[in-house]
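The structure appears right after this line, and notes come after that.
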There are 2 protein chains.
Amino acid sequence: MTSARKSKGGRSRDARGDRGIPEATVARLPVYLRALTSLSDSEVSTASSEDLATAAGVNSAKLRKDLSYLGTYGTRGVGYDVNYLRYQIAREIGLTQDWSVVIVGIGNLGHALANYSGFASRGFQVAALLDSDPARVGDRVGDLQISSLDDLDSIVRDHTVAIGVIATPAGAAQEVCDRLVAAGVSSILNFAPAVLAVPGHVDVRKVDLSIELQILAYHEQRKAQGLIGLGELEAGAV
Amino acid sequence: MTSARKSKGGRSRDARGDRGIPEATVARLPVYLRALTSLSDSEVSTASSEDLATAAGVNSAKLRKDLSYLGTYGTRGVGYDVNYLRYQIAREIGLTQDWSVVIVGIGNLGHALANYSGFASRGFQVAALLDSDPARVGDRVGDLQISSLDDLDSIVRDHTVAIGVIATPAGAAQEVCDRLVAAGVSSILNFAPAVLAVPGHVDVRKVDLSIELQILAYHEQRKAQGLIGLGELEAGAV
DNA sequence: AAGAGTTTGTGAACGCGAGAACAAAATCGT
DNA sequence: ACGATTTTGTTCTCGCGTTCACAAACTCTT
């Protein structure tokens with residue numbers, strides 16, 4: 001049995017204070033942040049990894065390892081100072097500064113996003129709402145007015161927008177994406193059910209509502225099948 | 001034949017389902033399905049794994065491996081029959097039957113979800129919209145009327161609802177979740193920024209809009225830091 | 001002050017997923 | 001009919017992420 005531990009000579013490790021945090025950990029930091037905020041609101045000043053893990057819905061060992069990538073912010077025998085850790089995580093994610101975002105496509109979903117309070121409370125300022133439909137331009141949503149897509153360049157420049165949200169129909173997504181990238185946006189959150197092609201320096205995250213339902217449906221179907229007949233009926237030939 | 005069962009002992013948590021498809025694959029099947037539908041609409045009748053992979057935005061080897069979990073539906077030297085494969089994936093996910101879902105919490109987001117056409121087009125019927133606010137009950141949204149949360153039990157029973165969508169504020173999420181589970185719902189799609197506790201037989205998927213933005217912000221910050229100064233300024237003591 | 005009790009930080013084992021590479025199976029051309 | 005070509009299905013290897021388990025570090029009690 002060849003022990004796979006032999007590949008040690010690389011530069012991949014943290015030999016040089018590499019601030020690289022694993023993707024999986026980055027995705028959980030906002031969850032920890034929320035748990036800490038909740039504890040802080042309850043006037044809890046110190047929490048153990050076990051407490052935090054419970055509040056965040058994860059395993060405590062995983063939480064400790066995640067936090068260890070940020071630095072040594074806990075105290076053995078005691079736990080973590082809630083407010084201190086909260087600040088450290090916020091700083092690591094980049095929430096100690098404000099971010100301007102634009103939302104493109106002000107249909108049903110765009111409306112909901114524009115009114116979503118969870119953005120502002122975490123330092124995300126909606127700089128503008130954009131739509132290509134002239135009939136919508138000028139409408140008020142919340143305390144913003146819908147702008148024309150043609151104003152994208154100047155808006156991005158004036159507000160230093162780094163993040164764009166796409167909430168258009170699938171057919172328009174790629175073109176909107178291209179225009180966002182051309183205007184200087186380098187992170188995109190895509191709600192349109194389409195695969196986006198972007199240059200290498202641009203990050204894209206995708207949220208697809210119907211895909212989530214389909215994944216649930218798959219598991220639901222399996223549960224139901226298990227009840228009917230335990231034997232897996234061979235579905236080889238059709 | 002290729003007995004896909006090579007579970008080699010070990011402590012497998014659920015030794016039952018041998019037709020178990022890896023989670024990562026399940027999450028991609030809806031993407032393939034969409035790509036196939038798109039090709040079908042373009043009257044393409046046959047596609048190679050390379051074509052499909054491009055349309056779905058993945059690597060072709062990964063796509064082939066994913067499809068191999070479903071069965072042997074391709075033809076070597078030729079490719080895949082678009083419509084046949086589409087049907088097989090739809091069947092595997094469980095989209096050959098209709099699913100009834102309820103949406104709880106008809107605020108901004110609930111509204112958008114209720115009007116989202118992507119659900120109906122994939123076999124998800126919105127059976128009811130529910131809200132605990134008496135002021136909202138009775139309002140029309142699309143071609144449905146908002147019902148009281150108190151009607152949950154009868155609605156779930158009458159429509160055989162297996163999937164519930166939570167679009168309430170965080171504070172109400174756990175209670176709504178408990179009531180959904182008590183009514184018989186066994187899959188939950190949670191948009192509320194809260195960690196839900198559920199019995200083991202219930203599946204929960206979480207979509208958190210602000211977390212997605214925070215992940216983007218982290219990467220955006222790293223890009224920016226790289227530009228300013230390569231040296232990371234030590235932030236050890238405070 | 002020293003031992004008992006907590007809780008963190010991390011090394012090591014393990015399982016899963018991604019991607020490269022290749023053998024098997026089908027079509028096509030002569 | 002048969003070799004050349006295409007493309008699938010699968011094997012193999014590697015790296016990442018999760019989890020266990022434990023030494024190190026801190027507090028508390030006597």
Side-chain angles (χ1 to χ4, degrees), chain A residues 1-15 18 20-29 31-32 44-54 56-82 84-85 88 236, chain B residues 1-15 20-29 31-32 44-54 56-82 84-85 88 215 236:
Chain A
M1 179 180 298
T2 62
S3 88
R5 207 168 69 75
K6 186 177 157 209
S7 62
K8 186 57 190 268
R11 67 210 192 272
S12 57
R13 275 307 229 182
D14 55 339
D18 188 359
I21 298 178
E23 258 316 294
T25 297
V26 171
R28 282 187 294 266
L29 290 180
V31 179
Y32 302 156
V44 175
S45 64
T46 299
S48 69
S49 63
E50 201 70 49
D51 297 336
L52 269 176
T54 303
V58 302
N59 172 296
S60 71
K62 179 150 58 178
L63 180 134
R64 285 200 301 279
K65 176 153 281 191
D66 283 342
L67 293 184
S68 77
Y69 291 117
L70 309 192
T72 303
Y73 295 135
T75 306
R76 302 182 186 213
V78 179
Y80 300 89
D81 181 284
V82 169
Y84 179 56
L85 181 58
Q88 293 299 338
Chain B
M1 293 306 250
T2 63
S3 67
R5 59 188 65 193
K6 62 173 188 180
S7 52
K8 219 179 80 172
R11 50 172 66 185
S12 54
R13 285 175 299 182
D14 52 344
I21 297 178
E23 261 312 299
T25 296
V26 171
R28 283 188 294 267
L29 290 180
V31 179
Y32 301 156
V44 176
S45 63
T46 300
S48 68
S49 63
E50 201 70 48
D51 299 336
L52 268 176
T54 303
V58 301
N59 173 298
S60 71
K62 179 151 59 179
L63 181 134
R64 286 200 300 278
K65 184 181 277 191
D66 283 342
L67 294 184
S68 78
Y69 290 116
L70 309 192
T72 303
Y73 295 136
T75 306
R76 300 182 188 213
V78 178
Y80 300 89
D81 181 284
V82 170
Y84 180 56
L85 181 59
Q88 293 300 339
I215 295 171

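Atom-to-atom, OH of A:Y84 to C1' of C:dT8 comes out at 15 Å; the value is rounded to the nearest Å. In this structure, B:D81 places its CG atom 16 Å from P of D:dT7, rounding to the nearest Å. The separation between B:L63 atom CG and D:dT10 atom P is 14 Å, rounded to whole Å. Rounded to whole Å, the distance from OH on A:Y73 to P on C:dG9 is 11 Å. Atom CZ in A:R28 sits roughly 9 Å away from atom P in D:dG17 (whole-Å rounding). Atom CD in A:E50 sits roughly 15 Å away from atom P in D:dA21 (whole-Å rounding). Rounded to a whole Å, the CG atom of A:L85 is 15 Å from the C1' atom of C:dT7. Taking atom CG of B:D66 as the reference point, atom C1' of C:dA18 lies 10 Å away to the nearest angstrom.
Considering only heavy atoms from C-beta on, A:L29 comes within 4.5 Å of A:L70 through its side chain. At a threshold of 4.5 Å between non-hydrogen side-chain atoms, the residues B:L85 and B:L67 count as touching.
Between the side chains of B:S48 and B:D51, a donor-acceptor pair is found at a separation under 3.5 Å.
In terms of phosphate contacts, B:S49 brings a side-chain nitrogen or oxygen within less than 4.0 Å of OP1 or OP2 of D:dT8.
Put simply, CZ on B:R28 and CD1 on B:I21 are 11.5 Å apart, with the number rounded to the nearest 0.5 Å.
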Given side chain to side chain contact (heavy atoms under 4.5 Å, CB included), test B:L63 with B:Y32 step by step and report yes or no. CA-CA 8 Å; B:L63 181 134; B:Y32 301 156; 3.7 Å; yes
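Among the atoms of the strands shown, only primed sugar atoms or phosphate atoms (P, OP1, OP2) are found under 4.0 Å from some heavy atom of A:T72.
When all heavy atoms are compared, the tightest approach of A:S60 to A:S49 is CB-O, 3.9 Å. Of all heavy-atom pairs spanning A:A53 and A:N59, the tightest one is CB-C, 3.9 Å. Shortest non-hydrogen contact noted between B:L52 and B:A47 is CG-CB, 4.2 Å.
The side chain of B:Y80 approaches D:dT8 more closely than any other nucleotide in the set C:dT7, D:dT8, C:dG9. In this structure, of D:dG17, D:dT8, D:dT18, it is D:dT18 that holds the atom nearest to the side chain of A:K62.
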How does each nucleotide of nucleotides 20-30 of chain C score, in 5' to 3' order, for protein heavy atoms under 4.0 Å: base (B), sugar-phosphate only (S), or none (-)? BB--BBSS---
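Over its length, the helix from C:dA1-D:dT30 to C:dT30-D:dA1 turns its helix axis by 0°, as judged from the five terminal pairs at each end, rounded to 10°.
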